[in-house]
Colleague: 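Shown below is the structure under consideration.
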Amino acid sequence: KLSRSSPIQSTGFITISEGKTENIEKAITQAKAQIAQIDELLAASDIFNENHDKAVKLTRTRAAHVTKIETLETDWLDALETYEAAIADN
């Protein structure tokens, strides 16, 4: 994260790159929180025996969040590379 005193931060491109990484980090945090909630639901009771369909749905939703995090992490690395390249050019 750039400090507020960084002279590079004043360029529009750098600010956009920094904002993009912050948005990605927020989305990753939200997806991880949703996974934690699902894990609690799956571990809290005998859900697979009591409500198999719900358990399957939760498991699939969890897998989708894991995939989303993997994609977001790749996006974050791409944004970081763009940011670092912009700094190197200044």
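All residue numbers in this chain count up from 1 along the given sequence. The figures that follow rest on heavy atoms only: side chains count, while hydrogens, waters and symmetry mates do not.
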Colleague: Say you draw a straight line from CG of Leu72 to NE2 of His65; how long is it, rounded to the nearest 0.5 Å?
Modeller: 11.5 Å

Colleague: Mind running side chain to side chain contact (heavy atoms under 4.5 Å, CB included) on Asp75 and Thr21 for me, showing each step along the way?
Modeller: CA-CA 8 Å; Asp75 292 346; Thr21 58; over 6 Å; no

Colleague: Taking atom CG of Asn23 and atom CD of Glu25, what is their separation to the nearest 0.5 Å?
Modeller: 9.5 Å

Colleague: Within this structure, what is the OG1-CD1 distance for the pair Thr74 and Ile24, rounded to the nearest 0.5 Å?
Modeller: 10.0 Å

Colleague: When you look at Val56 and Phe48, which way does the side chain to side chain contact (heavy atoms under 4.5 Å, CB included) test go after all the steps?
Modeller: CA-CA 8 Å; Val56 169; Phe48 285 94; 5.6 Å; no

Colleague: Ile35 versus Ile69: any side-chain heavy-atom pair under 4.5 Å?
Modeller: yes

Colleague: Residues in side chain to side chain contact (heavy atoms under 4.5 Å, CB included) with Thr29, at least two apart?
Modeller: none

Colleague: Treating Ile, Leu, Val, Met, Phe, Trp and Tyr as nodes and any side-chain heavy-atom pair under 4.5 angstrom as an edge, say whether Tyr83 and Leu77 lie in one connected cluster.
Modeller: yes

Colleague: Could you give the distance from CD (Glu73) to CG (Asp78), rounded to the nearest 0.5 Å?
Modeller: 12.0 Å

Colleague: Does anything in residues 46-59 form a side-chain hydrogen bond (donor to acceptor under 3.5 Å, both in side chains)? List the pairs, not counting sequence neighbours.
Modeller: Asp46-Asn49

Colleague: Can you measure from NZ (Lys68) to CD (Gln30) and round to the nearest 0.5 angstrom?
Modeller: 7.0 Å

Colleague: Report the distance from atom CD of Gln34 to atom OG1 of Thr61, rounding to the nearest 0.5 Å.
Modeller: 9.5 Å

